Structures are given as C-alpha cells and as structure tokens.
Engineer: 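Below are the structure tokens for one structure; questions will follow.
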Amino acid sequence: MRNDNLKSYLNLHLIVFIWGFTAILGALITIDANNLVWYRMLIAMIFLGAFIAYKKQSFQVPVKELFKLIFVGLLIALHWIFFFKAIHVSNVSITLSIFSLGAFFASLLEPLFYGRKVLWYEVLFGLVIIAGLGLILQVEIKYLTGVYYALAAIILGVLFTLMNGKLISDHEPSVITFYEFGAGVFFISIYFLFQGKFTADFFTMSLNNWVLLMVLSSICTAYAFTASVKVMQRLTPYTVMLTTNLEPVYGIVLAYFILGGKEKMSVEFYIGAVIIIITVILNGVFKHYQKKKESL
C-alpha cells in the first residue's frame, strides 16, 4: 500500500511537470491562439474517444447534463484561448505567475457555489497576493496586456473547475471531458466559419508545429488528465492540491532554461512570484487544518 502511494505521488509530480511544460509548448507553437486551441481540443477529443472505447465505457449522458457539459466546454475553450494569448503577448513566466492565483480564486468563489462563509485568512492572503502581484506589475508593466489575458483565463478556469467538481461525481471524468472538448471544438468552429478561417492555409502548418501539437494534445492533455484522475483515487485532495501548486514553479524554471532571453525576468518579478506561490500553499495548509479541526 505504501509503495502504491509513493508511486502515485511520483506520478502526480510527473503530471504536474507535464502541465508546467504545456505553457512552453504554447510558446513554441507558432500558430494563432484560437487555431491552437481548436487543434488541441479536437486531437485530445479523438484520443479520449479512443480511450473510452478501449475501456468499453458508455458514451451516454442525460440530455440535461449534456447541456451543462456544452456550457463548460465553451468556458474551457475561452480559458485556453486567453491562456495562449497571454503567453504570446507576454511570456510563460508572467502567465504562470498569474496562474498560481487559481487555487486562491477558487477558495473565494467556493462560497458562491457551496454557500459557506468567506474565512478571515482568505481575506488576509488575498491582500498579500495583491501585494505580490503589484510588485510584479511595478517592474513588468510592459506585460500588462498579458496579465489581463492571464487573469481572464484563470477566472474562467476556476469557474469550469468548480462546475466540473459537481459533474464528475455523477459521470466518468473521461466521458465528461470528451463532450466538453467536443463542445469547445463546435463553438470555435462556428466562429471560424463566420470568419472564413477554414481555408487551405489553416490546415497548412510546419512539421515542427504538427509534432508539438500532437505532444500537447496527447501527452499534456489526454494522458495528463486521465492519469491525474487515477492518481486522485489514491492520494488525498490536500496532497494533490499542494503538489499542483508547483505547476507554475516547474513552468517558470523550464521556461528560463528552454526559452531563455525573453523569459529572464527582474529580481522583483521572482520575489513577487515566490510571495504569490507561498501564499497560495499556505492557504491550502490553513484549509487542511481547519477541516481537521472541524472534524474533531
């Protein structure tokens, strides 16, 4: 049992590392963010469909639930579009430093979804995070547009994560994600049709872009998602949450060494990023002990 838990913990770190690498791939793929998300969701949906068929799972979901999945799929598509736009107009380090706010935003929105009170330390940590974000913006003001895109992306990400939290309890996660990705492809396709984007040039890409897209869609999306669900069956949500907060750390370090130049930020940026990440982790620790105290 202990060996299984250790294996799951190491697998979780691998998954978080892969998620951190997603931003690097977004910077390396040279096509427009909208096109990138369309390809990512389409290819990942095909991989997930094959996985569901291999596992002999049912594709059926109630019609009422299907409409919810379609709406969540739209949120996911917009989330990824803003995410990759943020990377393209700023860089990986700026985008991921803002993305580290995800767990904190989730704790603020949870009261609206689950009807609980806002806790005092959430307000305190919120002020500390604003100070860290202010430090970043003070020295990296040229990336302000990227910060706006990243903030929009993370808010959308928190919304669809909270909605998925309710949907996953009743359905297979892989089936839910299959339909959500399909809905995302559908909405972006409608937009592309009105824009007249489906031309020969749209489907013409360099071999390098095709290879990176396949890696992004298969390993960083379809595989990472299904593997994370399996890991969560063995590890506590607390362990998963704390480890997931390392994603920006892995991504920023990888960007520094792989992309170089554009990713080398000021000392103040790294101080601000560290303040944000540590505060988010402390928020998780406080929540864990608060729940333990309530259960006694």
Side-chain angles (χ1 to χ4, degrees), residues 16 19-20 22-23 26 33-34 36-37 40-41 68-119 121-137 140-141 143-168 176-177 180-181 183-184 187-188 191 221 225 240-241 244-248 251-252 272-273 275-277 279-281 283-284 287:
V16 173
W19 284 337
T22 298
N34 296 345
L36 172 53
V37 174
R40 180 186 187 180
M41 297 188 89
K68 292 179 183 177
L69 296 177
I70 289 171
F71 178 69
V72 174
L74 173 61
L75 293 182
I76 293 172
L78 291 172
H79 161 76
W80 279 342
I81 287 170
F82 283 127
F83 172 67
F84 289 117
K85 277 187 179 294
I87 291 171
H88 289 169
V89 301
S90 59
N91 60 27
V92 171
S93 298
I94 287 288
T95 304
L96 290 183
S97 67
I98 303 303
F99 256 59
S100 64
L101 297 171
F104 177 74
F105 281 152
S107 71
L108 291 183
L109 289 173
E110 273 178 9
L112 298 176
F113 276 77
Y114 299 105
R116 67 161 178 82
K117 294 179 181 178
V118 176
L119 303 172
Y121 59 81
E122 291 176 341
V123 177
L124 175 63
F125 288 154
L127 294 173
V128 175
I129 283 173
I130 290 169
L133 190 55
L135 186 60
I136 290 174
L137 293 179
E140 306 297 348
I141 192 68
Y143 295 127
L144 188 59
T145 304
V147 170
Y148 289 149
Y149 278 131
L151 281 170
I154 196 59
I155 291 169
L156 287 166
V158 169
L159 286 173
F160 81 69
T161 300
L162 289 172
M163 293 181 73
N164 264 348
K166 293 185 175 182
L167 291 167
I168 284 175
I176 284 176
T177 309
E180 289 173 348
F181 285 2
F187 283 117
I188 298 173
Y191 170 72
T221 308
F225 173 80
V240 173
M241 185 276 301
T244 302
N245 284 327
L246 292 173
E247 179 188 345
I252 290 170
I275 288 172
I276 291 172
I277 291 165
T279 306
V280 169
I281 292 173
N283 181 51
K287 271 188 165 38

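Bear in mind that the values here come from a model prediction, so they are computed numbers and not experimental data.
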Engineer: With side chains defined as the heavy atoms from C-beta onward, is the minimum distance between Tyr191 and Asn34 less than 4.5 Å?
Structural biologist: yes
Engineer: Rounded to the nearest 0.5 Å, how far does OG1 of Thr177 lie from CG of Leu69?
Structural biologist: 9.0 Å
Engineer: Name all residues meeting the side chain to side chain contact (heavy atoms under 4.5 Å, CB included) criterion together with Leu74; count only those two or more places apart in sequence or in a different chain, and write none if there are none.
Structural biologist: Leu78, Phe187
Engineer: List the residues meeting side chain to side chain donor-acceptor pair (under 3.5 Å) with Ser97, not counting sequence neighbours, and say none if there are none.
Structural biologist: none
Engineer: Mind listing the closest non-hydrogen atom pair of Val37 and Phe84 along with its distance?
Structural biologist: CG2-CD1, 3.8 Å
Engineer: Tell me, please, which residues at least two apart from Tyr148 pass side chain to side chain contact (heavy atoms under 4.5 Å, CB included).
Structural biologist: Leu144
Engineer: Using every non-hydrogen atom in the two residues, find where Ala86 and Ala150 come nearest and quote the distance to one decimal.
Structural biologist: CB-N, 3.7 Å
Engineer: Going from OG1 on Thr145 to NE2 on His88, what distance comes out if it is rounded to the nearest 0.5 angstrom?
Structural biologist: 15.0 Å
Engineer: Just to verify, what does Thr221 make a side chain to side chain donor-acceptor pair (under 3.5 Å) with, not counting sequence neighbours?
Structural biologist: Arg40
Engineer: So, His79 side chain and Leu156 main chain: donor-acceptor pair closer than 3.5 Å or not?
Structural biologist: no
Engineer: With sequence neighbours left out, write down each residue that passes ring-ring contact (aromatic ring centres under 6.0 Å, His included) with Tyr149, or none if nothing qualifies.
Structural biologist: Phe82
Engineer: Could you tell me which non-hydrogen atom of Ala77 sits nearest to which non-hydrogen atom of Gly184, and how far apart they are?
Structural biologist: CB-CA, 4.0 Å
Engineer: Determine, step by step, whether Asn91 and Ile94 satisfy the side-chain contact (heavy atoms from CB on, under 4.5 Å) criterion, reporting the C-alpha distance in whole Å, the side-chain angles of both residues, the deciding distance to 0.1 Å, and the verdict.
Structural biologist: CA-CA 6 Å; Asn91 60 27; Ile94 287 288; 3.3 Å; yes
Engineer: Distance check, rounded to the nearest 0.5 Å: Glu180 atom CD versus Ile76 atom CD1?
Structural biologist: 4.0 Å
Engineer: Tell me if the aromatic rings of Trp80 and Phe160 count as close, with their centers under 6.0 Å from one another.
Structural biologist: no
Engineer: Just jot down the side chain to side chain contact (heavy atoms under 4.5 Å, CB included) partners of Ala23, sequence neighbours excluded, or say none.
Structural biologist: Phe83, Ile87, Val92, Leu96
Engineer: Going through the distances and angles, do Ser90 and Val147 end up as a side-chain contact (heavy atoms from CB on, under 4.5 Å)?
Structural biologist: CA-CA 8 Å; Ser90 59; Val147 170; over 6 Å; no
